[in-house]
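To start, the structure under review is shown below, and the notes come after it.
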Amino acid sequence: MAAQTVVHKGRTLAWEGFCTGPELLSHAELDGLSRRLLGIDLAAAEVAAEKELRPSGVPRGAVPAIVLGTASTLKGCFEADVAKLARGASPDDFPAYSEARSVYLAAPGDLVVGRGEAWRQAVAASEAVPVEVDEPRYYYLTHALLTLAASEPSDRPAPPLALLIRQLRDVPATVVRLFAMDAEARLLLLWLKRAAGLDVLGVDANGPEVAEGWNRKTTLYPTPEAARTLGGPVSPGEPGALLDAEFALTPFHAEFGVVLPRLPGYSISRAGADEKSMSRQVREAAGLLVERYGLELGCFKPAEALTGDRIRTAVPLADADTLDALARQAMESEEDYVLEAHTHYLRHRVPGYEFILAPSVHVAAGGPAEGGTVQITRGSVWEGSVYVDEGTCARFGITPEQFRTAREGMAGLYEAFRGAGRDLGFVKGGVDFAIARLGGRFGSTPVVAMQDLNLSSNGAEYVRALLAEARERAGRRDGVYAATKVVRPAADTDLKRLEDGVQRRSSQGWARAITAVPGRWGLIGVASSCPREAAVEVLELEERLHREGMLRTSLRDESVLGEGEPIFPG
């Protein structure tokens, strides 16, 4: 692509290292497109979407699908990439990776929409039908598709859109799979639905109230101001009772009346705050953690983090200067934050790597998914998943009771979104749980508590897809497990080269290369008869690929992660 730039806080930055351009559609432009394509403004389109777009969680292959693996504005992908450019770091290029890896979620015959060479190679290695969008100017795929929709007469849509409309018209049961239902996706899918003449379009994504209203950490934590309404001195007795009392003051409990297992902590609101009031909120939250729970350390994290870059662990709660610096961080990034207890994770070592015990449980295909995952992490960032169940979780140091507690917590969240005679359309997502010691009034007894919500498409979808493929190959469900690992390909390692490298393995298990964006991100996976073996083998495979020059890094070559590292939900 021709040399391009992007402006960030008054600085002009070179737009380098991307497969797509930096152009975005503004809110005003989206409103204009809504009026042109639908005859209504964006606000009316949001109302129409609630009636015409139905959250539909269906298993892969159960019905035909259109896979639209676009990055989402809900996760601030563009802002995160630009922030990396501003720091002089290599960008992640979320669109290229999201579009390429989503191909693996397509069943044979499904239509997959995307751009770029990494996506083309992923489609060529699959049995899906490609729908290529030759519009690289826009960062978000939805922006490119909306621009195409407006560029041609309604009776002669651009070729990619004509293919999608024909599929929906010919097979009305087709479901659209996408990362999240943001405003751009709503507008695009409404137009496609109406162009195909459908009354309702099934979408494998959460309803907007779940995706936008509850997919943030602050919904599970009271503000310091609200927490103070408990009044009077707080008993230093059982901290669990205090946690429940504080949870009753959270937005989630106010809406659903459900108590979920969580860590001690408080939400910090950026809206309308100046630096003085932000510092006051952070100091008040820290004071409550000390006063009520006897804690010395906290963890400061964005409410809607895309990566773990801005998470600060081991925050000394009595250090006013540190707390004020965190308040300035929140002011600069213009985000809500939470200050929660610092977690001393329980750990489990395998050869060459040590897991922190932060299992994830999931909703998939419209209901609670079987089993769960333990997560491979690099610092604060998710880098892979290992599928486990109640019968095998102990192989990672997780007791069956702890595993059941996590699954029961997810069940409580799922039922909350379906209670009181309403269904908010929670069809996919994951929750990370900490199995950790907190210290203070909790002593040395481990807790099992929700730590992060990821109520959208997530990395565990890929280990579950790999598991399904491995079971099909094995001809059985029992005794089959899988692990995935994010890798960082070298500049000349495309999917074809990565596939060649993965196939040259000597272990008895089965492995595959799922996707590769050269110089950026990739994903590999291993299946085995034991989850621990799958985890060890996928880490060994990454290490071997690194030694052979196909990857830029290998996790087994690095030091064991430091205690208490947070994770980005996969």
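Treat the numbers as computed from the prediction; the structure is a model and nothing was measured. Numbers for residues simply follow the sequence, beginning at 1.
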(request) Show your working on side-chain contact (heavy atoms from CB on, under 4.5 Å) between Val486 and Trp382 and close with a plain yes or no. (result) CA-CA 8 Å; Val486 170; Trp382 169 85; 3.7 Å; yes

(request) Please report the C-alpha distance between Asp324 and Arg283 in whole Å, then the side-chain angles of each, then the deciding distance to 0.1 Å, and finally whether the salt bridge (charged side-chain N to carboxylate O under 4.0 Å, His left out) criterion is met. (result) CA-CA 8 Å; Asp324 289 345; Arg283 289 192 184 198; 2.7 Å; yes

(message) Applying side-chain contact (heavy atoms from CB on, under 4.5 Å) to Arg437 and Thr445, what does each step give before you reach the verdict?
(response) CA-CA 6 Å; Arg437 295 183 177 92; Thr445 303; over 6 Å; no

(message) Apply side-chain contact (heavy atoms from CB on, under 4.5 Å) to residues Ile435 and Thr405 and explain how you reach the verdict.
(response) CA-CA 10 Å; Ile435 301 178; Thr405 297; over 6 Å; no

(message) Test side chain to side chain donor-acceptor pair (under 3.5 Å) on Tyr266 and Glu340; report intermediate values, then the result.
(response) CA-CA 6 Å; Tyr266 306 93; Glu340 66 181 20; over 6 Å; no

(message) For Val315 and Thr322: C-alpha separation, side-chain torsions, deciding distance, then whether side-chain contact (heavy atoms from CB on, under 4.5 Å) applies.
(response) CA-CA 7 Å; Val315 173; Thr322 297; 4.1 Å; yes

(message) Before you tell me yes or no, could you show the steps for Tyr140 and Asp182 under side chain to side chain donor-acceptor pair (under 3.5 Å), namely the whole-Å CA-CA distance, both residues' side-chain angles and the distance that decides it to 0.1 Å?
(response) CA-CA 11 Å; Tyr140 291 108; Asp182 53 26; over 6 Å; no

(request) Would you please test Arg464 and Thr373 for side chain to side chain donor-acceptor pair (under 3.5 Å) and show each step? (result) CA-CA 9 Å; Arg464 292 182 181 278; Thr373 61; over 6 Å; no

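No side-chain donor from either of Glu184 and Thr142 sits under 3.5 Å from a side-chain acceptor of the other. A donor-acceptor contact under 3.5 angstrom links the side chains of Ser90 and Arg520, judged on distance only. Side-chain atoms of Glu469 and Tyr104 include a donor-acceptor pair closer than 3.5 Å. A side-chain N or O of Asp494 and one of Gln121 form a donor-acceptor pair less than 3.5 Å apart.
Using bins of under 30°, 30° to 60° and over 60° for the plane-to-plane angle, the ring pair Tyr414/Phe426 lands in the tilted bin. Note: His344 and His342 have perpendicular aromatic rings, judged against thresholds of 30 and 60 degrees for the angle between ring planes. In this structure, Tyr139 and Trp15 have perpendicular ring planes: the angle between them is above 60°, well past the 30° mark. Using a 30° and 60° split on the angle between ring planes, Trp521 and Phe94 fall in the tilted class, from 30° to 60°.
In this structure a side-chain-to-backbone donor-acceptor pair under 3.5 Å is present from Arg11 to Ala86. Proximity of a side-chain donor or acceptor of Glu99 to a complementary backbone N or O of Arg115 within less than 3.5 Å is detected.
Here Glu335 does not pair with Arg270 in a salt bridge; the nearest charged N to carboxylate O distance is not below 4.0 Å. A salt bridge links Glu383 with Arg488: at least one charged nitrogen is closer than 4.0 Å to a carboxylate oxygen. Under a 4.0 Å N-O distance rule, the pair Arg120/Glu117 qualifies as a salt bridge. With respect to Asp492 and Arg497, a salt bridge is recorded, a charged nitrogen being found less than 4.0 Å from a carboxylate O. Between Glu332 and Lys9 there is a salt bridge, since at least one side-chain N of the basic residue sits less than 4.0 Å from a carboxylate O of the acidic one. Arg544 has no carboxylate O lying under 4.0 Å from a charged side-chain N of Glu540, or vice versa, which leaves the two without a salt bridge. Salt-bridge check for Lys217 with Asp336: failed, with every basic side-chain N at 4.0 Å or more from each acidic carboxylate O. Of the charged side-chain nitrogens involved, at least one lies within less than 4.0 Å of a carboxylate oxygen, so that Asp452 and Lys301 count as a salt-bridged pair.
With Tyr221 as the aromatic partner, Arg262 meets the cation-pi criteria of under 6.0 angstrom to the ring centre and within 45 degrees of the ring axis.
In Glu296, the CD atom is not crowded: 12 or fewer heavy atoms of neighbouring residues, nucleotides or ligands sit closer than 6.0 Å.
Contact of the Ser360 side chain with the Gln375 side chain is registered, since non-hydrogen atoms from C-beta on lie closer than 4.5 Å. Contact annotation: the side chain of Leu545 approaches that of Leu498 to within less than 4.5 Å [non-hydrogen atoms, C-beta and beyond]. With contacts defined as side-chain heavy-atom distances shorter than 4.5 Å, the pair Glu537/Ser528 qualifies.
Heavy atoms only, all atoms of each residue included: Val133 and Ala144 are closest at CG1-CB, 4.3 Å.
With sequence neighbours left out, Glu23 forms a side chain to side chain donor-acceptor pair (under 3.5 Å) with no residue at all.
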